[in-house]
Amino acid sequence: MKRQKIIAGNWKMNLGVAEARSFVATLSEGLAKSENQAIGRSPGPELVVFPQAALLFMAKENGLNARLQWGAQNTYWEEKGAFTGELAPTLARDLGATYALAGHSERRQFFGETNESAVKRALFAKRVGLRPMLCIGETLAEREAGQTEAVLQRQLAPLFADEKSGVAGLSVAYEPVWAIGTGRTATSEQAEAVHAFLRGEFAKAWGADNAESLPLLYGGSVKVENAKELLSCPNIDGLLIGGASLDPKGFLQIAAHALV
Ligand code: PGA
């Protein structure tokens, strides 16, 4: 099955208003160039950015949203209430976000996110019409102890325990923690092996057809130089890019590799 590729930029706590506008302007100029026009046409990749939440209003600014989708980095599992500091997924949606990240490793590492809470965020985002991108991945110690698959199974267990979930709108980003922001990318063989394993887990839980339609992204020190090889792997359907996504020209060069 041919799955549409997704090229997503996780800006984390970077880029303010002026910088984000300049990113979009440069990206739009780049997309208008003849050599890049195929990126903007079907079956070109979906392009998504995850800015700081306060910038999501830009998703509906004229001219900014034609080829670019916007997503929230973190959303809560209720529509409203006394949850200081959280972002209502309905607000993100109303501002124009179409995607929501859940369970990024920095949320797990620094803010107490658990396997259960990450999945709750993803499922609620889906319920209000956002497309959740659930992030999972093992630490270096876990990989070296041969626990990668067991860790991923534990991270996915709450998702598979929810009978009502299902694949529509969901994507999963495999981001080995040891590869995030370290410059140490997983080799395409390592990434493909994990992605094939993950697709197998989804097939067991939700059936082969659902597993085949699920977009599985890789993230962790993705750069212009390694994007092509990663994207050529049969089970890698897209990339979640941190540092390298802050440069619109590089982001576009990475997106160009999603065409081949
Ligand atoms: P990185 O971050 O590309 O800077 O390693 C990836 C991520 O955290 O999503």
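Keep in mind that what you see is a predicted model, and the values were worked out from it rather than measured. When a ligand or atom number is given, it counts from 1 through the structure's own listing order. Reckoned from all heavy atoms, side chains included, excluding hydrogens, waters and symmetry mates.
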Side chain to side chain donor-acceptor pair (under 3.5 Å) partners of Glu106, counting only residues at least two apart:
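With sequence neighbours excluded, Glu106 shows a side chain to side chain donor-acceptor pair (under 3.5 Å) to Lys12, given in chain and number order.
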With heavy-atom distances below 4.5 Å as the criterion, would you say the side chains of Leu140 and Arg184 are in contact?
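Yes. Closest side-chain heavy atoms under 4.5 Å.
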Could you tell me, for ligand 1, which of its N or O atoms are under 3.5 Å from any protein N or O, listing the pairs and their distances rounded to 0.1 Å?
residue	atom	partner	partner atom	Å
ligand 1	2 (O)	Lys12	NZ	3.3
ligand 1	3 (O)	Ser221	N	3.4
ligand 1	3 (O)	Gly242	N	2.9
ligand 1	4 (O)	Gly243	N	2.9
ligand 1	5 (O)	Gly181	N	2.6
ligand 1	5 (O)	Ser221	N	2.8
ligand 1	8 (O)	Lys12	NZ	2.7
ligand 1	8 (O)	His104	NE2	2.7
ligand 1	9 (O)	His104	NE2	3.3
ligand 1	9 (O)	Glu175	OE1	3.3
ligand 1	9 (O)	Glu175	OE2	2.7

Can a donor-acceptor pair be found between the side chains of Glu138 and Gln147 at a distance below 3.5 Å?
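Distance-only check fails for Glu138 and Gln147.
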Where does the angle between the aromatic ring planes of Trp11 and Phe23 fall among parallel (under 30°), tilted (30 to 60°) and perpendicular (over 60°)?
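Rings of Trp11 and Phe23: perpendicular, over 60°.
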Please check if Tyr218 and Val194 belong to a single hydrophobic cluster, counting links between Ile, Leu, Val, Met, Phe, Trp and Tyr side chain heavy atoms closer than 4.5 Å.
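Linked, Tyr218 and Val194 end up in one cluster.
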The single option from His104, Arg108, Arg121 passing side chain to side chain donor-acceptor pair (under 3.5 Å) against Glu113
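With Glu113 as partner, side chain to side chain donor-acceptor pair (under 3.5 Å) holds for just one option, Arg121.
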